Every structure is written in structure tokens, then in C-alpha cells.
Amino acid sequence: MSTTPAVQPDLPKILDGLNPQQREAVEHVEGPLLIFAGAGSGKTRVLTARIAYLIATRKVWPDRLLAVTFTNKAAREMRARVEAYVGDVARQMWVGTFHHTAVRMLRREAERLGFERSFTIFDDDDTRAALKRVLDALGLDPKRYPVGMIANQISTAKNELKGPDQMPNRSYIDEVVRRCYVEYEAILRRSGGLDFDDLILNVVRLLRDFEDARLYWQDRFRYVLVDEYQDTNHAQYVFVNLLAAGHRNLAVVGDDDQSIYGFRGADVRNILDFQRDYPDARVVHLEQNYRSSQSILDAAYHVIQHNPERAPKRLWTDRKGGEKVFAVQLYNEVEEAEYVADEIERLRRTESRKYREFAVLYRTNAQSRGFEEVFVRRRIPYRLVGGTRFWERREVKDLMAYLRLLANPADTVSFARIVNAPRRGIGQVTVDRLVNHARERDVPVWQALEEAAGAGVPKAALGAIDHFLKQLRTLRQSVGVLRPSELVDLVVEVMQLKPYYTDGTPQGEARLENLLELRGLAEEYDPLEPADSLSEFLADAALTSDVDTYDESEEGVTLITLHMVKGLEFPIVFLVGLEEGVLPHQRALEEDKGLDEERRLCYVGITRARDRLYLTCAFRRHLYGRAAAGMTSRFLLEIPQALISAPREGKAPAPPPRHDYRERFLERTAQAAPVPPPVQRFTEGERVRHSAFGDGVVIKSTLTRTDEELLIKFDKAGLKILSGQLAPLEKLS
DNA sequence: ACCAGGCTTCTTTTT
DNA sequence: GAAGCCTGGT
């Protein structure tokens, strides 16, 4: 064991209640440390206790400590919890996401790396916009070379620390991508912009190419902790390992079973090979789970255990009892949502559960809609995490683009975004001329505006440009003088954004509200130094995700994707859409190792549940707006029957089909996806609408063995006998 | 320059 | 079943 630390008043509090493995991790001081922390194993507790321990025992001064987390929320939480142990000094430590940490470092080191301190962060959208411009300039057909594909390839290259000249050039398409990469970099450079990948890439450059910087930062951070290490990509791996190379006080925490960001370059091998990188590393396994019931853990185990190449382990709990996992197949996604809503209301009644105790977890954002519609109709409060994110809304992006242009007059992408929003008579042709002019003369776009007359822009636009320029000058004078929120007000005022976004519709109102909300967010930066406040605000805005603003105490059922839910937990979880093609997702199945990652995603979902887990799938589902039959997800079938509870109101297995067309229809799907027995959806006398026959009234509803047979009298089309399951009917009421 | 309407295509997941 | 792209008309 390590040396006995000087007794500190708060040490008992820090170490109290830790199990032996946790305690080992907390008390490990010098040298590399690898913590395999299974889902719900008290990881955050251990991390914060360890930091507090280091501080409390005077092993390190807080500002010489760096902790890298995956989300800003995790960072905030960590800081708050450490503060609870050791007090205000906790504020001095560096805690943040990879990107935040990188930005902080780069702001201090910008010059030697060849860019301005006031650099702009390009988000995904900006990157796409820039690449579109590149394709255009190179005369490449965006149909043959999709922006997304090229963006991905460039991102992958950057994550591997490769420049254009280190990219493959074995095919024509390789050459195209290389060419785009070069041009894209040129746009970034001229715009004073760095994309997400650049942030990490440049920190690596800094540490690798500048010895004094390397020595400084290595010494600065005597202890480095990395959370979610399984989700680091190569560039991030190099970054932390370079940083820790001097003192070797690197502690990493992670769980290879929860590696779900392979698609953006994360490499599980980083954690699996840690012991190769540091043969003397202390390795701690946290496998005791403090979250879920045994049956939930068992279900999770049986799924994940199908993955090859995982470090063998199994979570356990000493928690007794708990219900089996529920698995239910519903007819379609509407029934699925209705079922979830029914269960929520039932459990609220019978177990006095609060709305906030429930979460609905899905694979793709598109799946949230069905739940939203049903929840709205049934007055079930919910909060949607992700989806159309705040920062991606048009009006928010517009206003941010104005601010970015003011902070950085070279930002061509922002310029192009707002030059004609609102409409001011500066069209595509003019914009192209201006941007080209800026590129040819290597001047900021802003200056191109001033030289518009000489830039060959259409004469008709000159007046408009002149006016626009005057407006921009007015705004620019206020940068560094006004506070961020005042700047927002000024932009809205000068550019007349309110009338622009108001169109009398509720959406227009929502847009104004978003502008107001943006103002509120900017306000938080008002107390900062006027010189930095704007760029601080802009950087944070670019690096903030939706979970970061998630507040668990808020009332409402949580709707969230499997990716964003990692790190959260709920008493009752509905993992929905367990169908082949959805989870696992079709696209993932086409990729190498895609299935493994989908399985981990499923594992993450299952292990979010504390008391109850529902697994649902639909027999038919609207995908791409078209109804399609889905087979039950293999993940669901991987869970032993013994762990699964039949749905309440027990539904019998499907009897043989009757009609010919139906028989054929079923043949394809019946094996893996038996038709759920019929439910009586309609009552006699009920008004319904048929997509072809129009409105009508249900005369008679008979439950047969396979279907609900309906006799309906349509107002126009007369009497019809229809299938309650197959006919395109909707209820009117 | 701008708009409306019809066409396509497409959707993983996110810092 | 939405968002983007193209076209043709003003």
C-alpha cells in the first residue's frame, strides 16, 4: 500500500463506504492506473473521491490536475462533487471535455501554431457549408461525391493525425478527397477557423513539435485523469499520452463494453492496450453494480456476452429481488408509444412513480416523434434530449453567425450564412464574387465588401452592400465594449431580425423565443472581461451538447437516444424499437464491426435501468415514411426466455393466418416476428377516417383469432368490411 | 433576386 | 415525411 497520508479532517468522508476495489483506485497515487468501471459501478464516485484524495492529502495542488470528461455535464458534476469534499480550491483544477481543454490550451498558444487567438470553431454545419463551396469550386458533382462522405473521410484522417499528403491515393476517389481536404484546409485557414478535429490535432502538434510547450504542459499537469477512455480516438490518445509522458501519473477509466463512438473514430483498443502501453499500470476492476436489479444485469450480460474481443467480466449486485425484464411486441410504432404511455400511467397509479423516473430510449432521433405525439395527446409531460438541437436551429445559427463574423471578420462561412438573411438584395452571384475576391487577394471577406466595386459584383447589389457594410461597422464598434447580451440585442435591432423571423405562425413565435433564450445564455458571459467574453461565449456555444443542459430534477418523461443516455440512469426504462434494421441499425450492419457496436449500444440501454426494464418492438413500422415489416431484434432473442416476463394481459401466440395475401405477407416475417394477437381498437359507433374511403362510423367490431374485423359505414363509400390491423384507419374524436 | 412547387434523396449515432 | 435541389416564372 502507499504511504499513510497525513490525517486530514475530510479523509474519512472521502473514503467512507467505498468497496475494496474502489478504495484501491482512490488511494493509488503514483504511476499509471487503469480502472475498468462497469455500468453503474460507482465510477463517478471513485473518480471524484480520487481527485479529492489527491488534493486532501496534498499530493497535488488542484491547478496541477487535469480531468478530461466526455460531456460538459460530467465535468460540472465532477467539479461540484470534488468541491463538496475539499471546498473552493476545487475550482482551480482543469476539468472539461477534450475539446474544451484543447481550446483553453490553444487560446494561450495560438501564435506559435500560426493562427489567431480569436479563432472560430467550425461546427459540423460550417464544415459542410465549406465543403460544398469546395466541391463547387473544384467543379465536382455533389451527387457523386457527397459532402457527408468527404467530411467523414477528412475527419477520420484528422483523427488519425494525417494531413492531406498522408492520405491514401490509390483511387480516383482518394484523389478527390485529398484535393477537397487541401482546399478545405485553405478555407479554414483563411477564415481563421478550426473544426472539432483541429482542436485536438493542434494540441498534439503543440506538444509534439514544441519542446518547451511540451515540457511546460507536462509539468503543469502532474496528474491526468481521463474518463470514458474507451471512447477516445487516436488523436486524443496521443494527446493524453504525450501530456502524461513525463510524470506518468495517468489514470484512465472506462468500459470496453460501452464503447459506442467507433463511427467517429473512437478506438476501443486504446483502453484494451493500456497495459501494453504501461506494463506497470495498476489495474482495478469495478464489477459490483449499485444500480440495477439482478435480472436486468443478467439480461445485459447475455446480450453483451455475444461480442467477441471483449475483456471478460460480469457485473453483479447484492441487491435482492427485482422483477423480470418485460418484452412486448406491438403492432406498430403508434401502438408501441401507446403501450409505453399506458404503462407509465399505470405505474404512476400503482407505484406512485413520478414522470421523471421514466425514460424512453431509442436508436435514432426520428423515433422520438411517435412518442411525442402520443405524449402530447395524453398530456404526459416529457423532455426531449437531442433531436432538433437548440444550437442547430436556423434562427440561432443565424444570430450566432452574426456574432462570429463580428468576432472574426475573416469568417467566410458565417458571412455567407447571414449576408442575405434577412433578405437584403445580395444574391448568390454577388456572394460568390465577394468570396472569390477575398480568396484571390487573401483578405478577410469583410474587406472584400469594402472593395465590392472592384470585385466585379453586379452593380445592382452595390447599394445593398454599402448599406450592409454600414450596419456591420456600427456593430463592430461595439465588440469588446458591449457585453455579450447587449451585443445580441444590438444585432437583433440593427439587422431587424424580429420582423424577419415573425411570420404570424406559432413557429415564428418559437423562433423569437429561441432568440430570447440565446440572449439569456449570452447574459451568463456578461461578467467576463469584455475583451474575451464574446469569444468565450462563442467557443462554449460551439462545444455545448444537449445532455449538458439536462437537469434530472425536472419533471417529465425523458426521451433520449442511446448514445446520449450513457452516464444517466432511470428507475424505469423503455428500450424501444428492438427490431432488425433499427437496433441493430441497417447502416451499422453494413459496416465492419458495426454489429458489435450496436450490441454495445443495446447494452448501454439495458444497463440504464434501475428497477424495471421494458423491451419493445413493433411488427410494422413507418420508416422513411413508408410502412415496413420488421423482424425482432437479435439482441432481444439473445436474452434467455427465463429472464423475460410475458406481457401482462398475456397475449397468446399467433394463430395461422387466413387470407391469401396475408399469408404471403406473413411468411416473410412470421419466423422472427409473430403477429401479435389482435387488440380491439375500435368500438361500435366510433367515427373513423379511412385514407381512401373517407370518414365513416364503426357499425360492428368483431375480434377474430387473427384480427379485428370491422364493419364500417362510410359517409360516401357505403358499407365495407375491413381489417382492423391492416386497413389505413385513424380514429376521429 | 426571389419565390413557389415539384423533384429527389435520404437518416445512425455526436464532440 | 422532411429537407434539400432544381426549375421556371415573376
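Note that the structure is predicted; figures quoted are calculated from it, not measured. When reading the values below, keep in mind they use all heavy atoms of this one structure, side chains included, and skip hydrogens, waters and symmetry mates. Letters A, B, ... are given to chains in the order of the sequence lines, protein chains preceding strands, and every chain is numbered from 1.
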When all nucleic acid strands are considered with a 4.0 Å heavy-atom cut-off, which category describes T544(A): base, sugar-phosphate, or nothing? nothing
Once you apply a heavy-atom cut-off of 4.0 Å, does E597(A) come out as touching a base, just sugar-phosphate, or nothing? nothing
Basic-acidic side-chain contact under 4.0 Å: D227(A), K43(A): yes
Please determine if R404(A) forms a cation-pi arrangement with F122(A), meaning its NZ or CZ atom is less than 6.0 Å from the six-membered ring centre and no more than 45° off the ring axis. yes
Extract, from 5' to 3' on DNA chain B, the first and final nucleotides lying under 4.0 angstrom from some heavy atom of chain A. dA1(B) to dT15(B)
With a distance cut-off below 6.0 Å to the six-membered ring centre and an angular limit of 45° from the axis, does K566(A) pair with F70(A) as a cation-pi contact? yes
I want to confirm an ordering. Mapping L601(A) and Y624(A) to their closest nucleotides on DNA chain B, which one lands closer to the 5' end? Y624(A)
Counting the atoms with a prime plus P, OP1 and OP2 as sugar-phosphate, which does D123(A) contact under 4.0 Å by heavy atoms, base, sugar-phosphate, or nothing? nothing
Could you check whether Y261(A) gets within reach of a base, just the sugar-phosphate, or nothing at all, counting any heavy atom under 4.0 Å? sugar-phosphate
So what does V582(A) hit on the nucleic acid, given a heavy-atom distance under 4.0 Å: a base, only sugar-phosphate, or nothing? nothing
Using the six-membered ring of F119(A), assess whether NZ or CZ of R107(A) lies under 6.0 Å from its centre and within 45 degrees of the ring axis. yes
Would F263(A) and H563(A) count as a close aromatic pair, with their ring centres under 6.0 Å? yes
Would you mind building the protein contact string for nucleotides 3-10 of chain C? One character per nucleotide, 5' to 3', B for base within reach (heavy atoms under 4.0 Å), S for sugar-phosphate only, - for untouched. --------
Stepwise salt bridge (charged side-chain N to carboxylate O under 4.0 Å, His left out) test for E392(A) and K397(A): CA-CA 6 Å; E392(A) 285 165 24; K397(A) 293 225 70 162; over 6 Å; no
How far apart are the C-alpha atoms of K158(A) and Y181(A), what are their side-chain angles, what is the distance that settles it, and do they pass the side chain to side chain contact (heavy atoms under 4.5 Å, CB included) test? CA-CA 10 Å; K158(A) 288 186 173 184; Y181(A) 190 173; 3.3 Å; yes
Would the distance check show the side chain of E338(A) and the main-chain N or O of V374(A) forming a donor-acceptor pair, the cut-off being under 3.5 Å? no
Could you check whether R600(A) gets within reach of a base, just the sugar-phosphate, or nothing at all, counting any heavy atom under 4.0 Å? nothing
Using a cut-off of 4.0 Å on non-hydrogen atoms, how would the nucleic acid contact of N420(A) be classed: base, sugar-phosphate, or nothing? sugar-phosphate
Could you tell me whether D256(A) and R600(A) make a salt bridge, using a distance below 4.0 angstrom between a side-chain N and a carboxylate O? no
Answer with base, sugar-phosphate or nothing: what part of the nucleic acid does E591(A) contact at a heavy-atom distance below 4.0 Å? base
Comparing G427(A) and Q236(A) on DNA chain B - which has the more 5′ nearest nucleotide: G427(A)
